Amino acid sequence: MNEMKKLTVNGREVEFSTERNLLEVIRKAGIDIPTFCYHSELSIYGACRLCLVLVEGRGIMAACSTAPENGMIIHTETKEIREMRKISVELLLANHDRECPTCVRSSDCSLQNIARRLGVETIRYKRLEKKVPIDCSSPSLERDPNKCVLCGDCVRVCAEIQGIGAIDFANRGSHAKVAPAFDTQLGLVECVNCGQCAAVCPTGAIVPKQDRNRVWEALYDPTKTVVVQIAPAVRVAIGEYFGAKAGENYAGKLVAALKLMGFKYVYDTGFAADMTIFEEATEFIDRFTQKEKLPLFTSCCPAWVKYAEIYFPEFLPNLSTCRSPQAMFGSVMKKVLPDQLGCKREDLVVVSIMPCTAKKFEAQLPKFAVAGQPDVDIVITTSEVERMIGSLGIQLSDLEPEAFDMPMGFATGAGIIFGTSGGVMEAALRYAVEKIENKPLKNIDFKIVRGMNSIKEATINVGGNDVKVAVVYGLANARKLLTDIRDGKADYHFVEVMACPGGCISGGGQPIGVNDAIRKRRQQGLYAADKTHQVQKSQDNYLVAQCYEENLGGCPGSHEAHLRLHTNYQNRSQLFDAKIPIMRGTSQHCVPVTVTICAKQENCPGQMLLGMISQFVKKNGYSDRINLDAAFSSRPEEDGTICVTVGEQVVERTKFTNAVNTIEQLENQAAFESIKKEIVNAIALLE
């Protein structure tokens, strides 16, 4: 048991035990010291210098990076501290883009709020830096360096929670900034579009890509029929913008608001979540009974899918081939609704309201389009639809709830709990266990996979066989799990992965300022919605069954269902941060050859391989027909792994035990022969 200690804050005794720093103890005492760089779920950075306190006998110190000690006497407010805080905020504002009325975060900006709180009414310092271009290269996120206050929250959440490091600090002193590797654009690096950087950014330097205007244009176009789907997690978060408690179900009120805005029909993505269970649970049953391609990984989260494509392509055969509920819904809508509504496919506009910024990336993938026309036309986040509602003066809290439109507005409780970590697994188990045992479930709740633990494991006896399942959120945690599976340290049959902490309930497009308490309330809101549904198992959704009968070949796994509800994956392990040209051919059509060099690895074997390929090209007289590039990756390659592409062909990845005998290994193994063969084949195609 932790021993209770005491210190004094502004003359009041405060007990503490496990608090990490003075800031946590002071907030426990009911005093909210301003901060930019402190986030309770991230490592301590101590850069903003706003949380200064006076410690008697020690002087002024940063509360976030000072450990509490028994008997300390703390003063959180003195004239000197207030002036220091004001100076810090004024300096930040001096170089900050202060076009506040047009900023997405204007009504919820920490810099704005703290400046107002400290009474900053004038800025005594001149702007020194010139404005730089806004980075709009990502389909999911917008990055405005002019609004960055260098708090480092985005850097730390990307590295610590997601284990990626797509953005980091660059340069020093007055030239310091946050940027993707090699100062390139965010859309060109290994960002998985999860939006957790936007979720923690205090100023609007990183925000979800804004697609509201595209929706307005569609709604105002009389030639278009505009329909919308609402994801499960949105309904337990949207109310927070309008004074409701986290977790309160605003689905009916949101439907009413969307009808007022001009949407023709409003549907529930939970319908497609039930459809996902029809397909994914059937897929699991097939793999489990045949003992093939196990474990099966869920595929509902596009950020997780992209992460697997980049970092763990060896597991792509283990991913469920099912599309996400959003993508399934778009595909079915574009097939069914034109005939039902009497419009052309190209005049039907499908809008998604999602908690997730990665859904924007997913919707624009060419594989989810027919003849260049996307299945889902526009994706907006919870934060975007809130601004749309506000722009019309709609008082969401005062609206009478309305029902979703049928038939694709009917979802079971299983479809609704998709929005939280463990929900997809539980929904799938409700289906799979009943199908395998061929009898009704006595208890549909699988509480063993619920909760806010980042990794949950369970073994469930199904029909006399043990089914080992795991649920994980946060991609850094997923990396640990995948590594253990790959190394034989863990063994599962079915694994659910979600990128965001707690699942979709804290996606990058949800209301910001999320903590565990808010996540729990949102999660409880979804489970409460599950309980109020008369139907709680996906297999009992008779309208999904009817949709199969009329449009999808009659049953899960049919040819038509596979065509419209399943997908394939791309090995993105050759996603590079930057390239530099090594050799340029003179021919009008040249074969591009790329070799990975890891920027963080000493004696990278990729450098040796690059030299060998260059010599091979020159020796064989191919120089005029080859464009050879060195591709830099900030990702540390394990076991010396390097990659080569020749044209569109990704050559089998080559591994070396160390860099010393790299050349000898290259000359004696089939991998380098494969590289040379691909180059020769590519040249032959040009000829």
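A quick note: this is a predicted structure, and the numbers were derived from the prediction, not measured. Numbering of residues begins at 1 and proceeds along the displayed sequence.
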Worksheet item: Are Glu384 and Lys209 ion-paired here, with the side-chain N under 4.0 Å from a carboxylate O?
Response: no
Item to complete: Go through the steps to decide whether Ser397 and Tyr250 satisfy the test side-chain hydrogen bond (donor to acceptor under 3.5 Å, both in side chains), and finish with yes or no.
Response: CA-CA 8 Å; Ser397 297; Tyr250 260 47; 3.1 Å; yes
Worksheet item: Mind checking whether Phe278 and Tyr548 have ring centres under 6.0 Å apart?
Response: yes
Item to complete: Could you list the residues that satisfy salt bridge (Lys or Arg N to Asp or Glu O under 4.0 Å) with Glu560, not counting sequence neighbours?
Response: Lys335, Arg564
Fill in: By salt bridge (Lys or Arg N to Asp or Glu O under 4.0 Å) - contacts of Asp530 (at least two apart)
Arg430
Discussion item. Counting neighbours of CD on Gln340 that are heavy atoms of other residues, nucleotides or ligands and sit closer than 6.0 Å, is the number greater than 12?
Written reply: yes
Report all side-chain donor-acceptor pairs from residues 498-508 shorter than 3.5 Å, counting only partners two or more places apart or in another chain.
{"residue": "Ser506", "atom": "OG", "partner": "Pro501", "partner atom": "O", "Å": "2.1"}
{"residue": "Ser506", "atom": "OG", "partner": "Arg519", "partner atom": "NE", "Å": "3.3"}

Discussion item. Check whether Arg323 reaches the backbone of His566 with its side chain - one donor and one acceptor, N or O, closer than 3.5 Å.
Written reply: yes
Item to complete: Name all residues meeting the side chain to side chain donor-acceptor pair (under 3.5 Å) criterion together with Asp445; count only those two or more places apart in sequence or in a different chain, and write none if there are none.
Response: Arg450, Lys531
Item to complete: Among residues two or more places apart or on two chains, list those pairs meeting salt bridge (Lys or Arg N to Asp or Glu O under 4.0 Å) that have a residue in residues 271-283.
Response: Glu283-Arg287
Worksheet entry | All pairs passing salt bridge (Lys or Arg N to Asp or Glu O under 4.0 Å) where residues 542-554 contributes a residue, at least two apart | none
Fill in: Residue pairs, two or more places apart or on separate chains, that pass salt bridge (Lys or Arg N to Asp or Glu O under 4.0 Å) and touch residues 244-262
Lys259-Asp405
Item to complete: Could you check Thr381 against Lys360 for side chain to side chain contact (heavy atoms under 4.5 Å, CB included), going step by step and ending with a plain yes or no?
Response: CA-CA 9 Å; Thr381 60; Lys360 292 175 180 279; 3.8 Å; yes
Worksheet item: Relative to the ring of Tyr307, is the ring of Trp304 parallel (under 30°), tilted (30 to 60°) or perpendicular (over 60°)?
Response: tilted
Practice prompt. Give a yes or no on whether a salt bridge exists between Asp375 and Arg345, defined as a side-chain N under 4.0 angstrom from a carboxylate O.
Written response: yes
Discussion item. Which residues pass the salt bridge (Lys or Arg N to Asp or Glu O under 4.0 Å) test with Asp377, not counting sequence neighbours?
Written reply: Lys334
Worksheet item: Of all residues at least two apart in sequence or in a different chain, which pass the side chain to side chain donor-acceptor pair (under 3.5 Å) check with Asp144?
Response: Asn146
Discussion item. Test: salt bridge (Lys or Arg N to Asp or Glu O under 4.0 Å). Region: residues 500-510. Which pairs qualify, not counting sequence neighbours?
Written reply: none
Worksheet item: How about Phe404 and Tyr265: are their ring centroids closer than 6.0 Å?
Response: no
Worksheet item: Are the side chain of Glu496 and the backbone N or O of Val424 linked by a donor-acceptor pair below 3.5 Å?
Response: yes
Item to complete: List in chain and number order the residues that pass salt bridge (Lys or Arg N to Asp or Glu O under 4.0 Å) with Glu386, two or more places apart in sequence or in another chain; answer none if no residue qualifies.
Response: none
Discussion item. Here's one to test your reading of the geometry: is the NZ or CZ of Lys537 within 45 degrees of the ring axis of Tyr431 and under 6.0 Å from its centre?
Written reply: no
Worksheet item: For Thr223, what residues pass the side chain to side chain donor-acceptor pair (under 3.5 Å) criterion, not counting sequence neighbours?
Response: Asp221
